[in-house]
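Position 1 is the first residue of the sequence, and the numbers go up from there. As a basis for the values below, the full set of heavy atoms in this structure was taken, side chains included, without hydrogen atoms, waters or symmetry mates.
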Amino acid sequence: SNISRSTYSTCDAETPHFYINLPKAKVYPGKKIISGPGNLVLEGIPLPIALPFGFFPIQTKRAASGILIPKVGQEQQRGYSLTEGGYYFALNDYFDLALKGNIYTNGTWMLNATTNYNKLYKYSGNFSFSYANNISGHKGLPDYRSATNYKIGWTYNQNPKAHPGSRFSASVNMSSSGFDKTNSYDVSEHITTQRQSSVSYSKTWDGTPFNLSASMNHSQNVKNKTVSVNLPKVNFNVGRIYPLKSRRSPGSKKWYKELQFQYTASLDNQINTYDSLLFKKQTLNGMRSGFKHDAPLSLQIRPFRNFSISPTMSYSGVLYTQKIEKKWNPEYINPVTGEPIPSLVNDTLRGFFYGHSLKPSVSANFSPQVFGMFTFKPESRVQAIRHVMKPSVGFNYIPSIKGLSSDMYRQVQSDTTGRITEYSIYDGNIYGTPSLSRRSSGITFSLVNILEGKVFQKNDTTGEAKKVKIIDNFGINTSYNVFADSMRWSPVSMAMRTTVFENFNISANSSFSLYGLSSNGRPINTFSYALNRKLMRLTNFSVSLDFELSKLFKKEGRDSRQASSQQMTPGSRSPGSIQEPGMSRSSIHQGDDLLFDEYGYYVFDVPWSMNVRYNLNYSKPAFKSMLTQTLSVNGNVTLTKKMAITYTSGYDFRMKEITMTQIGITRDLHCWEMNFNWVPNGTMKMWNFTIRVKASILSDLKYERRKDFHDQYY
């Protein structure tokens with residue numbers, strides 16, 4: 001049907017805040033509206049913004065294919081641009097595909113492909129791929145640079161009910177080291193140096209001890225450009241089996257029926273390289289591959305409570321695709337200088353090589369628990385403090401028995417003096433060399449402390465004390481190597497974790513060495529106490545504190561206002577209070593006693609949140625020490641129901657500078673929305689300001705200004 005002098009708006013207000021004036025238009029019911037020339041009217045004021053024609057689709061389906069109109073922009077460094085333009089494909093009810101591109105007048109361009117998928121009760125996720133050609137500087141001048149970058153993202157979530165017993169999931173975040181720096185506008189991607197990816201499949205068989213897992217893993221450091229990939233990694237496990245136990249007599253407790261058997265097998269293929277070499281042929285040829293399986297047979301004997309003895313016979317085997325042979329060559333020619341120089345030469349042999357060992361051992365462990373209780377006076381808020389100590393002493397011994405392993409160790413001359421050293425033919429492989437039945441013994445010591453209290457809460461009326469944890473965990477660990485040549489005591493490590501006032505999370509770790517240092521700063525086989533009368537030498541200490549500052553203030557403010565409101569009686573007046581004629585004091589507090597304080601003034605209670613985290617790390621391996629401290633904050637402030645501020649910032653005490661900060665302001669304008677984002681420091685200095693219509697059909701009806709970080713804004 002044809003219509004004249006009509007308006008089009010997505011605002012649902014009784015008097016629309018904006019509309020497009022359409023002198024002439026034609027409506028195709030359920031399909032579209034086509035109009036002639038029109039203009040934009042804002043708050044009843046006609047604006048000099050004219051449209052030569054209008055096309056307004058009437059959406060009746062969930063999704064429809066169509067052209068994505070590009071954004072027009074301009075930057076100082078990259079020039080004029082068309083961004084986010086392309087085509088959207090609504091493939092079916094489960095899949096879609098968006099192809100987008102960016103192009104700049106200096107020659108920079110980027111292509112993006114994104115697909116989302118979702119099938120009810122089956123799976124959901126998305127996949128994205130981006131490829132960019134980034135150009136900086138001016139062609140023909142020394143500052144000209146050209147680099148290609150890529151990014152791959154993939155998520156796959158399987159519904160637990162889709163395939164009981166098996167699970168498939170994917171979380172991939174992989175990119176070249178320069179992609180985020182030049183193409184991302186997400187602050188978190190600029191300050192995070194680590195990238196992790198995993199594609200995994202697991203399978204369990206009900207009623208059996210068997211389970212299988214396979215995964216492809218990726219780890220990347222975008223700062224030093226290193227990449228580590230497992231392609232693939234497979235594990236097969238057989239859970240604990242008691243071959244001498246009978247199902248007919250499950251209550252029998254004879255000691256020999258505790259004999260247990262387990263089996264684990266692992267297959268791995270690893271690539272460790274730089275991101276620029278990841279897809280090169282020589283990198284794939286240098287892949288490290290290996291297979292390992294272990295089959296321990298053990299018996300656990302418990303002579304009395306908290307004490308156990310476990311003799312074990314363990315079989316280990318490895319299969320590798322390469323091994324090394326070392327030879328002393330007195331006539332070796334240096335390939336760089338061409339001069340003869342006697343050297344130890346490594347030869348890498350390719351093929352399949354299997355090695356194994358059979359290792360007997362015996363271990364014992366004593367883990368008692370000690371409880372202590374201190375009670376207070378009945379009228380005290382603190383009723384009692386309970387201390388739980390869990391000491392543990394472990395001992396293990398491996399005897400020396402020859403002939404229980406294959407020939408995996410060789411001897412070779414290592415220098416011109418004729419010194420002979422021993423090496424393993426499997427050095428450098430994934431799983432190393434199976435441990436041999438060489439005499440070894442160790443004793444481990446640990447002590448775990450837990451401190452709890454029973455406290456009555458303030459103004460308690462229940463008569464029951466609340467259980468409160470004072471120290472969640474405070475542990476001390478060390479060990480002693482019986483047959484080591486020197487420095488038999490390992491470092492003493494301490495770790496503590498607790499939560500104070502249900503808000504402050506505190507964790508601390510420290511490491512101490514029992515041995516002293518030589519004049520050049522190297523550890524020596526002399527106790528620190530013998531050198532300087534100090535029992536231990538601190539080598540590392542770290543502590544972290546995080547809490548919600550907003551939670552603390554809100555609780556105190558709410559409690560104080562509630563207490564004051566309870567003290568006020570109807571009709572009473574406090575000094576300085578304001579009371580309108582005909583309005584009693586009780587009516588002020590009626591309904592919501594949090595609106596006014598004890599003096600009758602309106603309480604400015606703005607919803608806000610602030611999460612604070614403080615980290616300190618101190619290390620002193622030798623004479624020189626290093627101290628790093630960082631403070632980070634993030635949160636939001638809701639000024640009004642329609643206006644909010646978000647922020648992220650921090651401070652590096654060592655560098656004496658504020659870390660990368662981001663401030664965002666959003667304002668709900670009913671049918672419009674306003675956004676302002678500002679990064680005032682760091683490598684992403686930028687700001688952008690946008691006012692746009694909320695409705696997606698008029699997403700191009702907006703005003704936008706920005707200063708891009710590519711322009712090196714200061």
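Phe376 pairs by the ring pair (Phe, Tyr, Trp, His ring centres under 6.0 Å) definition with Phe374, not counting sequence neighbours. Partners of Phe307 by ring pair (Phe, Tyr, Trp, His ring centres under 6.0 Å), not counting sequence neighbours, listed by chain and number: Phe304. For Asp427, there are no side chain to side chain donor-acceptor pair (under 3.5 Å) partners at least two apart in sequence or on another chain. For Arg288, there are no salt bridge (Lys or Arg N to Asp or Glu O under 4.0 Å) partners, not counting sequence neighbours. Taking Ser124 as the reference, nothing meets the side chain to side chain donor-acceptor pair (under 3.5 Å) condition, with sequence neighbours excluded. Residues satisfying the side chain to side chain donor-acceptor pair (under 3.5 Å) criterion with Asn540, sequence neighbours excluded, are absent altogether.
Heavy-atom minimum distance, Gln411 versus Ile420: CB-CG2, 3.8 Å. Listed here is the closest heavy atom pair of Thr283 and Thr273: CG2-CG2, 3.8 Å. Nearest heavy-atom pair, Thr478 versus Ser490, reported as atom, atom and distance to 0.1 Å: OG1-O, 3.1 Å. The shortest heavy-atom contact between Gln413 and Leu344 is O-CD1, 3.3 Å. Among all heavy-atom pairs drawn from Ala162 and Gln158, the shortest one is CB-CG, 4.2 Å. Across every non-hydrogen atom of Asn306 and Pro368, the tightest pair is ND2-CA, 3.7 Å.
Side-chain atoms of Ser316 and Ser357 form no donor-acceptor pair, as typed in the model, at a separation below 3.5 Å. Under the 3.5 Å distance criterion, with hydrogens and angles disregarded, no donor-acceptor pair is assigned to the side chains of Ser219 and Ser228.
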Identify all side-chain donor-acceptor contacts of residues 235-242 below 3.5 Å with residues at least two apart in sequence or on another chain.
| residue | atom | partner | partner atom | Å |
| --- | --- | --- | --- | --- |
| Asn235 | OD1 | Ser266 | OG | 2.8 |
| Asn237 | ND2 | Asn211 | OD1 | 3.4 |
| Arg240 | NE | Gln260 | OE1 | 2.7 |

Indicate every side-chain donor-acceptor pair of residues 389-397 with a distance under 3.5 Å to a residue at least two apart or in another chain.
| residue | atom | partner | partner atom | Å |
| --- | --- | --- | --- | --- |
| Ser392 | OG | Asn365 | OD1 | 3.3 |
| Ser392 | OG | Ser367 | OG | 3.2 |
| Asn396 | ND2 | Gly442 | O | 3.4 |

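Note on residues 411-432: pairs passing ring pair (Phe, Tyr, Trp, His ring centres under 6.0 Å), not counting sequence neighbours, are Tyr320-Tyr426. Applying the salt bridge (charged side-chain N to carboxylate O under 4.0 Å, His left out) definition to pairs two or more places apart or across chains, none involves residues 266-279. Annotation: side-chain hydrogen bond (donor to acceptor under 3.5 Å, both in side chains) contacts involving residues 465-477, sequence neighbours excluded, comprise Lys466-Glu502. Applying the salt bridge (charged side-chain N to carboxylate O under 4.0 Å, His left out) rule to pairs touching residues 524-545 yields nothing, sequence neighbours excluded.
When side chains are defined from C-beta on, Ser424 counts as touching Tyr409, because their heavy atoms get closer than 4.5 Å. Between Thr498 and Ile470, the closest side-chain pair of non-hydrogen atoms is not below 4.5 Å. Counting heavy atoms from C-beta outward, Tyr256 and Ile301 have side chains that stay 4.5 Å or more apart. Contact of the Leu358 side chain with the Met313 side chain is registered, since non-hydrogen atoms from C-beta on lie closer than 4.5 Å. Counting only heavy atoms from C-beta outward, the side chains of Ser176 and Leu278 never approach each other to under 4.5 Å. Taking the side chain as every heavy atom from C-beta outward, Pro621 and Thr539 never approach each other to under 4.5 Å. When side chains are defined from C-beta on, Tyr274 does not count as touching Asn224, because their heavy atoms never get closer than 4.5 Å. In this structure, the side chains of Val318 and Asn429 stay at 4.5 Å or more apart for every pair of heavy atoms.
By the 6.0 Å contact criterion, CZ on Arg410 is enclosed, its count of non-hydrogen atoms from other residues, nucleotides or ligands being greater than 12. Counting non-hydrogen atoms of other residues, nucleotides and ligands closer than 6.0 Å to CZ of Phe352 gives a total of 12 or fewer. Atom CE of Met216 has 12 or fewer heavy atoms from other residues, nucleotides or ligands within 6.0 Å. In this structure, Lys233 places its NZ atom where only 12 or fewer heavy-atom neighbours from other residues, nucleotides or ligands lie under 6.0 Å away. Atom CG of Asp485 has 12 or fewer neighbouring heavy atoms from other residues, nucleotides or ligands inside a 6.0 Å radius. More than 12 non-hydrogen atoms from other residues, nucleotides or ligands lie less than 6.0 angstrom from NZ of Lys203. Residue Trp255 qualifies as open at atom CH2: its count of foreign heavy atoms under 6.0 Å is 12 or below. Around atom CZ of Phe366, more than 12 heavy atoms belonging to other residues, nucleotides or ligands sit under 6.0 Å away.
Note: Phe547 and Phe504 meet the aromatic proximity criterion, with ring centroids under 6.0 Å apart.
Of the possible donor and acceptor atoms, none in the side chain of Ser544 sits under 3.5 Å from a partner among the backbone N and O of Asn615.
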